[in-house]
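First comes the structure, then the notes that go with it.
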Amino acid sequence: MAWKAWICGVLVGAGNLCGVVPAWGQAYCALRDPVTMIYEAYPSADSYRSITKTVGVDDRRAIGEKLPFTIHFDELGRHTLYVALEDGKPIGLVHVRSERGRYGLTEIAWSLGLDMTIQDVRIQRTRDAEMRRTLDGSLRERLRGHTIESLQDQLPAAESVEHADVIRRSAAKTLVVTDHVWRDDLRPYQAIVMAESQWPDMRLDLQPMEVDQGAITEDSGLQKPIIAWRVRSADENDLGVLAWSAWSLDERSADIWWFFKEDGSLQHVDLRRVRGDDVRSAFNQNHAGQKSSDACATAVGVATNEMSNAVAPRLGY
């Protein structure tokens, strides 16, 4: 089954807009003109998909643990995330957040990369002319490329009503909400991007693949579930396996993309959201090309061995 057909089956069809939140407030969580806004943000896009989810009280609590402020109760409800596509491939996201201002709500449309970086920002609707003037080219440029981690030092106090501070808080909330609420929905799209980075200039077919979750122990720091895809070329040649896992040990953590060859050996790892100065080098060192081993291993070696043990049996090794 080609990945285009499979991926579209995972998502809600294009054009799905937000529902109405409880009677005390209306959440403007959708693009008023999706076609115009998406294609302005991503000129090379030729289509898009929308994913509508409910942001609930539990999500609000989780978001409050990551930020020095949280979303308001009237921001709960049904919200829509848009995925811009070019030739069926994901190239970016658009998420609208509403912020309260002196003259009512300001609707801010954020363009995000699949890696949860800010690509751009636009005002969709506001009655506050100063808000539009504040979001000038300079502020937009300063926000581009930021992740939630790199924004932490710039986050303003929750009570600040300065226009630039409102925009920065909106940026932080958008990144955290998108990642927390839509993380599972976006994983297949991210897998496509990661696979194409490893096997460039090839038409790929990604098929979900079960792994041996029982091979993963608490000692490794790997968190279940492990998610994996079998990667084949368009002419059905097996290329290998792409797997994703979250890893956390003591104060260190990372999201890890694992690339395995068809013989079960580890070819490459790509770490994202890394916390800990030595984590990236530890995972990249001394493991590429190796298969599972029962020999003495570091903590990172244990994680690598368990990932190999989870994947290799499904490849016949």
Side-chain angles (χ1 to χ4, degrees), residues 90 112-118 145-152 175 179 183 186-202 204 206 209 211-213 215-233 238-315 317:
L112 308 177
L114 272 294
D115 58 353
M116 291 297 116
T117 58
I118 296 173
H146 273 294
T147 65
I148 186 55
E149 290 79 14
S150 64
L151 271 178
Q152 290 291 348
L175 288 168
D179 182 55
R183 174 176 287 200
L186 293 177
R187 193 75 64 218
Y189 281 129
Q190 293 166 339
I192 293 170
V193 174
M194 296 304 299
E196 291 186 337
S197 72
Q198 184 66 26
W199 293 281
D201 303 322
M202 297 183 67
L204 301 176
L206 271 65
M209 176 183 126
V211 300
D212 182 8
Q213 305 287 344
I216 305 301
T217 69
E218 293 183 1
D219 294 335
S220 68
L222 295 170
Q223 301 170 21
K224 301 176 186 179
I226 307 299
I227 305 172
W229 297 263
R230 191 124 187 190
V231 183
R232 292 189 172 96
S233 62
D238 289 326
L239 300 176
V241 170
L242 170 63
W244 175 89
S245 69
W247 177 86
S248 178
L249 204 60
D250 296 327
E251 298 299 317
R252 298 171 174 83
S253 63
D255 285 359
I256 307 175
W257 291 93
W258 308 77
F259 298 85
F260 291 91
K261 294 182 179 179
E262 189 56 29
D263 65 358
S265 62
L266 179 61
Q267 182 176 9
H268 176 63
V269 292
D270 192 320
L271 276 67
R272 303 296 171 96
R273 309 174 197 275
V274 179
R275 186 177 62 178
D277 294 338
D278 55 348
V279 171
R280 190 180 303 276
S281 60
F283 271 98
N284 285 325
Q285 189 175 24
N286 299 325
H287 293 294
Q290 294 187 11
K291 296 185 180 181
S292 175
S293 170
D294 293 328
C296 179
T298 63
V300 168
V302 171
T304 302
N305 286 340
E306 290 193 6
M307 276 298 300
S308 296
N309 288 335
V311 170
R314 305 303 184 191
L315 298 174
Y317 293 91

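Just so it is clear, the model here is predicted, and its values are computed rather than measured. Keep in mind that the numbers below use all heavy atoms, side chains included, and drop hydrogens, waters and symmetry copies.
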Charged N to carboxylate O below 4.0 Å: is that the case for [X] and [Y]?
X: E262; Y: R232; value: no
X: R272; Y: D255; value: no
X: R252; Y: D277; value: no

- Measure the shortest side-chain to side-chain distance between I226 and M307 over non-hydrogen atoms and say whether it is less than 4.5 angstrom.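 They are in side-chain contact.
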
- Mind checking whether M194 and W229 have side chains closer than 4.5 Å, heavy atoms only?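 Sidechains of W229 and M194: no contact.
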
- Task: Carefully, step by step, assess M116 and I148 under the rule side-chain contact (heavy atoms from CB on, under 4.5 Å).
- Result: CA-CA 8 Å; M116 291 297 116; I148 186 55; over 6 Å; no

Which heavy-atom pair separates [X] from [Y] by the least distance, and what is that distance?
X: V211; Y: A310; value: CB-O, 3.5 Å
X: L206; Y: A195; value: CD1-CB, 4.0 Å
X: S150; Y: T147; value: OG-N, 2.9 Å
X: G221; Y: L249; value: CA-CD1, 4.1 Å

- Task: Look at the aromatic rings of H268 and F259 and report parallel, tilted or perpendicular, splitting at 30° and 60°.
- Result: tilted

To the closest 0.5 Å, what do you measure between [atom1] ([X]) and [atom2] ([Y])?
X: Q190; Y: I227; atom1: CD; atom2: CD1; value: 9.5 Å
X: W247; Y: R275; atom1: CH2; atom2: CZ; value: 10.0 Å
X: L175; Y: L112; atom1: CG; atom2: CG; value: 5.5 Å
X: N305; Y: S220; atom1: CG; atom2: OG; value: 10.0 Å
X: L239; Y: L204; atom1: CG; atom2: CG; value: 6.5 Å
X: S245; Y: I256; atom1: OG; atom2: CD1; value: 4.5 Å

Exam field: side chain [X] to backbone [Y], donor-acceptor pair closer than 3.5 Å:
X: D238; Y: G240; result: no
X: N284; Y: R280; result: yes
X: W258; Y: T304; result: no
X: Q213; Y: P225; result: no

- Taking salt bridge (charged side-chain N to carboxylate O under 4.0 Å, His left out) as the test, write out the residues that go with D219, two or more places apart.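 If we apply the salt bridge (charged side-chain N to carboxylate O under 4.0 Å, His left out) test to D219, skipping adjacent residues, there are no hits.
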
- Polar contact flag, side-chain donor to acceptor under 3.5 angstrom, T217-E306: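 Per modelled atom types, T217 and E306 side chains form a pair under 3.5 Å.
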
